[in-house]
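Here's the structure we're looking at; comments come further down.
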Amino acid sequence: MNRIEQRFQDLRAKGETAFIPYITAGHPSLEQTERIVLALEAAGADVIEFGIPFSDPVGDGPVIQEAAQQAIARGASLRTVLALIKRLREKTQVPILLFSYFNPVLAYGIQAFARDAAEAGADGVLCVDLPPEEAGEYKAALDANGLCTVFLIAPTSTDERIERIARACTGFIYYVSRLGVTGERSSLAADLNDALARIHRHTDKPVAVGFGISTPEQARQVAGLAEGVVVGSAIVRVVAQAGEGPDAAETVRVFTQELVRAAKQ
Amino acid sequence: MSEFEPSSTTQKHPWPDAQGRYGAFGGRYVPETLMHALDELERAYAGVRDDAEFQATLRDLQQHYVGRPTPLYFAQRMTAQLGGAKIYFKREDLAHTGAHKINNALGQCLLAKRMGKRRVIAETGAGQHGVATATACALLGLECDVYMGTEDMERQKLNVFRMRLLGTRVIGVDSGSKTLKDAINEALRDWVANVQSTHYCLGTVHGPHPFPMICRDFQSVIGREARRQILEREGRLPDTLIACVGGGSNAIGLFYEFLGDAGVRMIGVEAGGTQIVPGMHAARFAGGAIGMLQGAMSYVLQDENGQIGATHSVSAGLDYASVGPEHAYFFQSGRVTYTHASDQEALDAFQLCARLEGIIPALESSHAVAHAAKIVPGMPKDQIVIVNMSGRGDKDVQQAAKFILPDEEL
């Protein structure tokens with residue numbers, strides 16, 4: 001069984017919520033990402049999202065935009081990130097989800113990408129700007145290579161769309177809890193409870209909630225409602241601040257561990 | 001005139017299909033948050049496309065506010081100088097606000113108002129679409145914010161002031177290349193956050209479906225008029241149509257009505273910049289590959305990793321890494337030929353047109369004029385070329401002076 005599916009199954013049996021940190025792969029450097037992934041695993045991360053840096057990230061706020069730009073400047077690309085995952089697989093079996101925009105995948109070649117991503121040891125892929133309607137060849141290729149296909153559901157998704165997207169998802173469903181781009185917010189969406197109930201009426205697949213979650217308190221609240229909590233910009237910000245010094249990975253581990261504890265309470 | 005039946009373009013050219021595709025191009029590649037808004041827009045547009053009242057309102061504004069039909073002008077001195085085919089200009093530069101952009105902006109803002117949206121956002125490169133949207137919003141009492149790259153704001157100061165004068169907030173975009181592509185990214189981010197109250201008035205035949213179709217339909221008035229005007233004037237169809245292609249809305253606008261006329265050759269002129277080397281031009285069909293940028297599958301200037309490439313053009317309105325998906329379809333089908341003109345060729349044409357015709361074309365349109373100047377001398381004198389004079393060059397005078405008179409202070 002795919003590592004992502006296995007992890008959600010284990011967590012379900014334990015009645016636990018998944019904690020899913022997002023990092024921009026290659027930020028601040030590919031070498032540092034390797035150390036940060038191990039630190040995130042040590043902190044208790046269940047699935048790690050590897051943001052594939054893209055020049056034009058329309059779904060992202062300023063923190064991730066800047067991280068992506070830095071990563072690209074320092075040589076990160078889909079190809080070098082897959083090579084990084086291959087190296088990491090000698091050290092860790094933590095589930096890895098690639099979080100990309102579609103054009104880098106398209107430029108790599110959909111079939112070659114699915115084959116190489118699976119071979120490198122990735123477990124699933126989410127393309128932010130690829131709704132299921134446009135994902136025919138992509139989904140078939142990922143399915144054939146045993147990779148999870150995660151798609152987004154948004155507050156604006158109609159019941160009809162929720163049904164369709166939930167069907168296309170394997171591993172888990174990603175619920176974008178806020179209108180707008182990625183970034184830290186001071187409070188959670190007021191209608192989160194209703195929104196998750198609506199999704200759960202259509203599917204029993206696990207739902208992870210992301211966009212705007214940055215504090216342990218928010219992580220704790222979301223953990224009470226969903227099967228997974230995603231924290232992105234807040235972690236990317238800490239990675240940026242920590243830099244590449246000898247304590248950087250430890251700083252990220254300590255910050256993440258607090259979020260994990262809150263999500264697992 | 002029975003041999004000149006109205007063009008049957010729409011029957012012969014059934015695109016986009018129900019998925020918003022033009023052959024392999026187009027589609028709807030956006031974050032999920034926007035999918036519902038695009039469905040809603042598609043339905044609202046279907047509701048007005050054949051709605052007599054909406055179309056009558058639009059026609060009335062086109063006539064009395066925009067000043068349509070715009071003239072089809074015989075450029076006699078340029079024709080004499082080049083010594084070949086007869087050159088006509090379709091004078092979109094005489095439309096209100098000085099470019100064809102008003103055709104789309106007015107249509108979309110009317111639609112936005114009908115959809116109950118209180119706020120309109122837009123991106124702009126050269127500033128013409130921003131000015132057109134700001135104008136339509138002033139006319140219709142809508143709130144308007146325009147995103148513009150800070151490099152373009154510098155190149156197009158006059159248009160920035162015009163927008164502000166019209167009551168629009170111009171928001172500078174400092175990310176990436178600080179040009180049109182980055183302004184679109186920022187507009188998309190705004191739209192994702194404010195989709196319930198806001199209409200995104202996309203200014204060209206690009207972006208996710210239904211934008212390329214809506215923009216094409218509102219711009220196709222250019223070709224409908226031009227076809228009728230040339231038949232009245234010359235009693236026959238033109239041999240060649242030439243238009244510049246950034247996103248490609250003025251070109252589609254001119255070409256669309258002629259698609260069914262097999263004898264009419266169509267040429268799209270991209271920005272050749274300084275040379276066809278990555279980062280120094282915006283000729284997507286010369287240096288790009290199939291890719292997906294900002295919602296549509298099309299041709300894209302990109303590197304081997306799928307990162308979007310830097311572009312350059314003397315004209316801000318052509319300085320864009322992708323091109324409308326319907327153009328990608330025409331490129332593959334061969335119905336339209338795509339070529340490019342360099343910065344220098346455009347600047348030469350800019351001056352030639354000013355001196356010979358007393359018309360200062362936009363630097364964008366100057367690319368089309370430049371290509372006409374290349375091919376017309378080799379064409380027989382009884383042939384006819386229509387060049388889309390998509391905009392006026394007043395906005396470009398300062399920018400052009402830097403190249404033409406580099407040592408003089410204006």
Side-chain angles (χ1 to χ4, degrees), chain A residues 52-62 65-66 68-69 72-73 75-81 100-109 113 127-136 151-158 160-162 164-165 173-183 211, chain B residues 18-21 24 26-40 173-177 181-198 207-209 288-298 300-310 321-322:
Chain A
I52 305 300
F54 180 52
S55 54
D56 293 77
V58 292
D60 285 303
Q65 283 177 43
E66 202 175 314
Q69 223 165 33
I72 293 168
S77 66
L78 191 44
R79 209 167 291 279
T80 56
V81 172
S100 186
Y101 288 85
F102 188 45
N103 200 54
V105 171
L106 200 59
Y108 196 104
F113 164 72
C127 277
V128 196
D129 49 4
L130 187 68
E133 285 89 335
E134 304 288 2
F151 291 92
L152 303 173
I153 290 179
T156 49
S157 304
T158 56
E160 192 189 341
R161 293 197 57 79
I162 289 173
R164 172 177 202 161
I165 297 164
I173 294 163
Y174 191 124
Y175 178 64
V176 172
S177 65
R178 310 296 297 242
L179 299 180
V181 293
T182 57
F211 280 48
Chain B
Q19 281 71 49
R21 294 213 165 248
R28 195 177 264 184
Y29 297 85
V30 293
E32 173 61 23
T33 308
L34 294 179
M35 289 298 283
H36 177 66
L38 294 169
D39 280 337
E40 185 187 61
V173 177
D174 230 348
S175 57
S177 57
K181 165 176 80 76
D182 311 284
I184 296 175
N185 286 341
E186 221 40 53
L188 282 167
R189 290 181 185 119
D190 181 315
W191 202 32
V192 171
N194 301 295
V195 63
Q196 281 145 336
S197 65
T198 299
H209 178 68
I290 292 173
M292 196 290 285
L293 179 65
Q294 295 170 334
M297 188 73 74
S298 184
V300 179
L301 292 170
Q302 55 183 321
D303 70 12
E304 70 282 6
N305 294 313
Q307 308 294 358
I308 305 310
S322 187

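Quick note on labels: first sequence line is chain A, next is B, and so on, each numbered from 1. On a predicted model such as this, the values are computed, not experimentally measured, just so you know.
Considering only heavy-atom pairs separated by less than 4.5 Å from chain B, the leading option among A/S55, A/P132, A/A107, A/G59 is A/S55. By number of non-hydrogen pairs under 4.5 angstrom with chain A, the leading residue of B/Q294, B/H36, B/M292, B/K181 is B/M292.
Only the side chain of A/I72 has a heavy atom closer than 4.5 Å to any heavy atom of chain B. Looking at B/L293, the atoms closer than 4.5 Å to chain A (heavy atoms on both sides) all sit in the side chain, from C-beta outward. Proximity to chain A is limited to the backbone of B/V30, based on heavy atoms less than 4.5 angstrom apart. For chain B, the nearby parts of A/F54 are the backbone and the side chain; heavy atoms of each come within less than 4.5 Å. Interface remark: A/P53 contributes backbone atoms only to the contact with chain B (heavy atom separation under 4.5 Å). Proximity to chain B is absent for every atom of A/E66, based on heavy atoms less than 4.5 angstrom apart. Interface remark: A/T158 contributes side-chain atoms only to the contact with chain B (heavy atom separation under 4.5 Å). For A/L152, the parts lying under 4.5 angstrom from a heavy atom of chain B are both the backbone and the side chain.
By the 4.5 Å heavy-atom criterion applied to side chains, B/M297 and A/F102 are counted as neighbours. For the pair A/R161/B/M35, a side-chain contact is recorded, criterion being any heavy-atom separation below 4.5 Å from C-beta on. The closest side-chain heavy-atom distance from B/N185 to A/Q65 is not below 4.5 Å. Annotation: side chain of B/Q302 is in contact with side chain of A/N103 (closest heavy-atom distance under 4.5 Å).
Atom OG1 of A/T80 is separated from atom CG of B/N305 by 7.0 Å, given to the nearest 0.5 angstrom. To the nearest 0.5 Å, atom OH of residue A/Y175 and atom CD of residue B/E32 are 10.5 Å apart. Distance check, rounded to the nearest 0.5 Å: CG of A/D56 to OG of B/S177 gives 7.5 Å. Distance check: A/S77 OG to B/E304 CD gives 8.0 Å after rounding to the nearest 0.5 Å.
In this structure a side-chain-to-backbone donor-acceptor pair under 3.5 Å is present from A/T156 to B/T33. Distance alone, capped at 3.5 Å, places no donor-acceptor pair between the A/D129 side chain and the B/Y29 backbone.
Closest approach of B/A193 to A/L179, counting heavy atoms only: O-CB, 3.8 Å.
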